[in-house]
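Worth saying up front: this structure is predicted, and the values here are computed from it rather than measured.
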Amino acid sequence: MSKVRALVIDDSQVMRNIVMQCLGRSGMGEFEFTEAGDGEEGLKKFSPANTDIVFVDWNMPVMTGIEFVRRLRANPKGGKVPIVMVTSEKTMGKMEDALDRAHANAYICKPFTVEDLQRSVAPLLKEAEARSAKGGGFFSKLM
Amino acid sequence: MMDRMDGRRECGAFEHWECAAEATAGSFAMICGDEPEWHVEGAAAQSYDGIVAVISIVGDVAWVVMLCLPRDTANAIARRFAGYDIAFDSPDMGDAVGEMVNVIAGDLLARLEAVGVKAEMSLPTVARGTDIEPVQHGRMQTMRIGFASAEGAFDVKLAVTDQLPGREP
């Protein structure tokens with residue numbers, strides 16, 4: 001059975017563990033994780049061929065999460081991969097920056113529950129699956 | 001309730017301080033399930049041995065928020081936060097407590113925005129030790145808000161300076 005390949009970017013190892021544990025318990029399929037400690041490392045580890053979805057924190061040293069999203073969206077190879085911001089930033093301005101201007105696909109505020117993750121992530125995985133099925137890509141292998 | 005009202009009267013220099021108390025209580029309610037009781041303790045320091053996470057709030061205000069967790073409280077809350085036991089002396093404890101103050105700061109910024117105060121948060125810094133106190137340039141005042149929860153007692157210290165970045169004191 002193929003797994004959903006998730007890139008999890010957060011400068012906190014504990015927070016990466018929480019995201020991975022919640023995804024593992026979410027019932028949204030099996031996940032295979034790649035971890036990065038900041039946006040720059042995330043860009044290095046991102047590969048359109050090996051990344052199905054990205055979870056990224058906002059406040060990180062070296063390169064912030066929002067800068068990571070902008071750079072990935074500016075790269076044709078990273079243009080369509082679903083990006084979920086997982087952050088403690090709760091102001092409307094930050095959400096608008098992430099969703100409307102940087103074009104992240106979803107925004108989850110910390111602390112979150114497995115249900116919060118399911119609500120945000122399940123539709124993104126379905127959309128990606130539908131796109132992939134049309135093109136005979138990764139998600140068509142799950143069907 | 002009387003403590004909260006008394007605190008509000010005594011802490012005129014700390015306009016919107018209650019946003020920090022409510023952000024902390026709300027954040028811990030989400031992490032632990034129950035909202036902790038809180039009351040203003042004044043500026044006098046309570047002796048503790050534990051771990052402290054510090055984050056700066058800078059913009060229309062210049063605040064330093066310190067989350068001070070005694071050892072046993074830190075162990076209990078970190079377990080609720082991460083979903084597994086974290087050894088007090090491990091790097092993961094610093095990680096977890098840093099994330100907690102990050103969550104509080106995020107909630108605090110949203111509450112400040114709601115009352116017209118714009119600010120940004122820094123990255124958190126975490127230290128283990130005894131009776132850690134903030135020291136800063138400029139005139140600074142400190143208030144302590146005590147919390148009582150099922151996971152144990154803890155404090156949030158709020159240090160307020162009138163020396164905003166780029167402005168004369």
Side-chain angles (χ1 to χ4, degrees), chain A residues 8-26 33 35-41 55-68 84-99 104 107-117 119, chain B residues 19 22-24 26-33 53 55-60 65 67 74 77-87 90-126:
Chain A
V8 181
I9 310 169
D10 198 305
D11 56 325
S12 160
Q13 177 66 63
V14 169
M15 211 57 233
R16 295 200 300 270
N17 290 346
I18 292 170
V19 171
M20 293 187 291
Q21 281 181 3
C22 286
L23 286 169
R25 297 205 314 261
S26 68
F33 298 109
E35 298 176 54
D38 60 67
E40 191 172 288
E41 189 184 355
F55 296 86
V56 61
D57 183 24
W58 189 301
N59 294 309
M60 294 182 289
V62 186
M63 184 190 290
T64 63
I66 195 71
E67 184 61 21
F68 167 87
V84 181
M85 292 221 69
V86 184
T87 174
S88 56
E89 295 279 3
K90 292 182 175 175
T91 59
M92 286 305 295
K94 296 284 185 183
M95 290 186 197
E96 287 167 3
D97 280 348
L99 297 170
Y107 196 98
I108 297 174
C109 291
K110 301 175 187 174
F112 54 85
T113 63
V114 172
E115 291 72 30
D116 294 331
L117 266 185
R119 263 195 302 277
Chain B
C19 292
E22 288 162 1
T24 306
S27 299
F28 276 89
M30 291 193 72
I31 293 166
C32 299
I55 198 161
S56 296
I57 306 292
V58 181
D60 293 343
V65 177
L67 172 63
I77 294 177
R79 187 183 310 120
R80 298 295 297 263
F81 184 71
Y84 55 89
D85 284 330
I86 296 176
S90 71
D92 278 1
M93 180 59 79
D95 236 24
V97 178
E99 276 300 323
M100 286 179 215
V101 83
N102 204 237
V103 167
I104 292 168
D107 196 289
L108 172 56
L109 291 182
R111 288 172 193 271
L112 288 174
E113 186 183 70
V115 293
V117 177
K118 300 275 186 198
E120 299 278 339
M121 70 171 97
S122 71
L123 291 171
T125 301
V126 183

Which atoms of A:Q21 approach chain B - backbone, side chain, both or neither, heavy atom under 4.5 Å: side chain
Ranking B:L109, B:V103, B:I86 by heavy-atom pairs under 4.5 Å to chain A gives rank one to B:V103
Toward chain A, the part of B:Y84 with a non-hydrogen atom under 4.5 Å: side chain
Of the listed residues (A:V14, A:N17, A:T91), which shares the most heavy-atom pairs with chain B below a 4.5 Å separation? A:V14
Of A:E41, A:M60, A:M63, A:E40, which meets side-chain contact (heavy atoms from CB on, under 4.5 Å) against A:F68? A:M63
Taking every non-hydrogen pair under 4.5 Å, which of B:D92, B:I31, B:D95 racks up the most with chain A? B:D95
Answer whether the closest heavy-atom distance between the side chains of A:F55 and A:F33 falls below 4.5 Å. no
Quick one: CD on B:E99 to CE on A:M15, what's the gap to the nearest 0.5 Å? 5.5 Å
Per-residue contact mode, A:N59 against chain B (heavy atom under 4.5 angstrom): both
Most chain A-contacting option - heavy-atom pairs closer than 4.5 Å, from B:M100, B:M93, B:M30: B:M30
Check salt bridge (charged side-chain N to carboxylate O under 4.0 Å, His left out) between B:E113 and all other residues, then give those that pass, not counting sequence neighbours. B:K118
Among residues at least two apart in sequence or on other chains, which ones pass salt bridge (charged side-chain N to carboxylate O under 4.0 Å, His left out) with B:D107? A:K90, B:R111
Under 4.0 Å between a side-chain nitrogen and a carboxylate oxygen: does that hold for A:K94 and A:D97? no
